[in-house]
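Counting begins at 1 with the first residue of the sequence.
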Amino acid sequence: MGGRRTNLGLLWCTMLAIATGIGAFIVGTESGGWVVIAHGVVALAIVILTPWKTVIISRGMGRQRSGRALSVSLTALVAGTLVSGIALVSGVIDSVGPLTTMQVHVGLGVATLVATLVHLALRPTPHRRTDLERRNLLRSGGLLAGAGMLWLAIEGTLDMASAPGGKRRFTGSHEISAPWDIPATQWINDRVQHLDADGHVVGIGSNAWAVIDLDAGEEIEATLDCTGGWYTTQLWSGIRVDRTIDTKAGRSLVVRSTTGYWRRFPVEQAASLWLVTRVAGEPLPDGNGGPVRLVAPGRRGYWWVKWVSSIEIDDRPSWWQPPLPLA
Ligand SMILES: Nc1nc2c(c(=O)[nH]1)N[C@H]1C(S)=C(S)[C@@H](COP(=O)(O)O)O[C@H]1N2
Ligand SMILES: [Mo]
């Protein structure tokens, strides 16, 4: 394969890997599971292109061009991102020093994006009209088909070997089964709150709800699936949100935490959100949002606001928020 074609293939795969990687954080329902699969397949396409790229790199090294340090770092970043991705899939390595494997993977992925953009600015690989010719499209299709087959082989092997990575959810997350094993996970920099269950009130519209009133025994089995790479299915109990608010008072509702963390939901979904005070029959531990947290079935963990302080309804559209939390 020609050098230019390999470079273009790598560029496209890197861009697709970044787009599907962001997508994999947003996916909450099974119908979006293809995004996570696509992320794996484009990653494997990068692996397949490696031998050709190695040839290009070794030629470049001989020529002593500028930007060599950048090329070397870019190669190292891509390799690190791939290796940490494989570690996530296999489920054998949870953390690297103080960082979780997912933090390492995302950090390296973002660094790869930055390095790719700089690399492109220094050594542009312009597209040509012939890139869209039939045989090049066939080559791309062949590459993706090969990557797809590799993906199937890896998943099949993990499954047969009953490796931890064999029973991942469609999001790629690994299971945690016991309620007491659920980690206390913050999105970025929140601190675990230690609230007094007897004194805590949740302001909902113009009403103040005491925790014992929210502890109404309405049960919901739902799966908390953190983008950190784990999930847990539990029986939560509390009260359905539509019983606490006037669903005609606006278009969307904002669930806010005592920490300032918040997420906005369409008001029509109030009947599929719960304010819960218990998990598996026991009061929620502080780390898991006690005395009251949100349960948002079908949405990833970052929607499950912990230490809820208020729910407000207004007329803004529900998409009026950063797609992922900023704190
Ligand atoms: N107030 C607040 N709520 C939060 C978060 C946070 O950082 N602050 N993190 C969210 C994320 S990313 C996840 S995965 C779940 C984790 O819930 P857990 O700590 O019970 O595992 O809480 C969500 N609720
Ligand atoms: Mo999370």
Side-chain angles (χ1 to χ4, degrees), residues 10 12-49 77-95 99-113 116 140-141 143-177 183 185 187 222-233 263 296-304 322-325:
L10 276 172
W12 274 98
C13 287
T14 307
M15 293 306 175
L16 285 172
I18 286 159
T20 52
I22 296 168
F25 262 30
I26 292 170
V27 164
T29 56
E30 202 130 15
S31 59
W34 65 269
V35 177
V36 181
I37 296 174
H39 188 61
V41 171
V42 290
L44 291 171
I46 294 176
V47 174
I48 293 176
L49 288 174
L77 288 173
V78 170
T81 312
L82 286 168
V83 169
S84 57
I86 291 162
L88 279 171
V89 167
S90 70
V92 280
I93 307 161
D94 288 341
S95 56
L99 299 175
T100 64
T101 310
M102 183 62 83
Q103 285 167 333
V104 172
H105 184 63
V106 171
L108 290 171
V110 171
T112 302
L113 171 65
T116 304
S140 313
L143 172 64
L144 288 179
M149 262 141 72
L150 196 53
W151 184 90
L152 284 173
I154 292 172
E155 289 294 324
T157 310
L158 285 174
D159 213 11
M160 280 193 310
S162 321
K167 30 185 200 300
R168 280 171 302 135
R169 208 173 169 238
F170 61 87
T171 55
S173 293
H174 298 266
E175 182 170 26
I176 292 177
S177 37
T185 311
W187 176 253
T223 302
L224 168 57
D225 187 334
C226 176
T227 55
W230 57 268
Y231 75 90
T232 188
T233 303
R263 291 268 86 198
R299 290 180 182 257
R300 294 298 281 277
Y302 59 87
W303 294 93
W304 295 42
L324 293 168

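- Heavy atoms only, all atoms of each residue included: Arg169 and Asp225 are closest at NH1-OD2, 2.7 Å.
- A search for ring-ring contact (aromatic ring centres under 6.0 Å, His included) contacts involving Trp304 returns Trp236, not counting sequence neighbours.
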May I have the list of side-chain donor-acceptor pairs in residues 24-35 shorter than 3.5 Å, sequence neighbours left out?
from  : atom 1 : to    : atom 2 : distance (Å)
Thr29 : OG1    : Ser31 : OG     : 3.3

Output side-chain donor-acceptor pairs under 3.5 Å for residues 103-113, partner residues at least two apart or in another chain, one line each.
from   : atom 1 : to     : atom 2 : distance (Å)
Gln103 : OE1    : Thr100 : N      : 2.9
Gln103 : OE1    : Thr100 : OG1    : 3.4
His105 : ND1    : Thr81  : O      : 3.0
His105 : ND1    : Ser84  : OG     : 3.0
His105 : ND1    : Gly85  : N      : 3.3
Thr112 : OG1    : Thr81  : OG1    : 3.2
Thr112 : OG1    : Leu108 : O      : 2.7

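- Residues passing the ring-ring contact (aromatic ring centres under 6.0 Å, His included) test with Tyr302, sequence neighbours excluded: Trp187.
- In this structure Thr185 satisfies the side-chain hydrogen bond (donor to acceptor under 3.5 Å, both in side chains) test with no other residue, sequence neighbours excluded.
- Residues satisfying the side-chain hydrogen bond (donor to acceptor under 3.5 Å, both in side chains) criterion with Thr233, sequence neighbours excluded, are Thr223.
- The two residues Arg300 and Ser173 make their nearest non-hydrogen contact at NH2-OG, 4.2 Å.
- Around CE of Met15, the count of heavy atoms belonging to other residues, nucleotides or ligands within 6.0 Å exceeds 12.
- We find that Arg168 and Glu175 are not joined by a salt bridge, their nearest charged nitrogen and carboxylate oxygen being 4.0 Å or further apart.
- The salt bridge (charged side-chain N to carboxylate O under 4.0 Å, His left out) search around Arg263 returns none, not counting sequence neighbours.
- By the side-chain hydrogen bond (donor to acceptor under 3.5 Å, both in side chains) test, Thr20 is found to be paired with His39, residues two or more places apart in sequence or in another chain being considered.
- Remark: Thr101 pairs with no residue by the side-chain hydrogen bond (donor to acceptor under 3.5 Å, both in side chains) rule, at least two apart or across chains.
- Applying the ring-ring contact (aromatic ring centres under 6.0 Å, His included) criterion to Trp303, with sequence neighbours excluded, gives Phe265.
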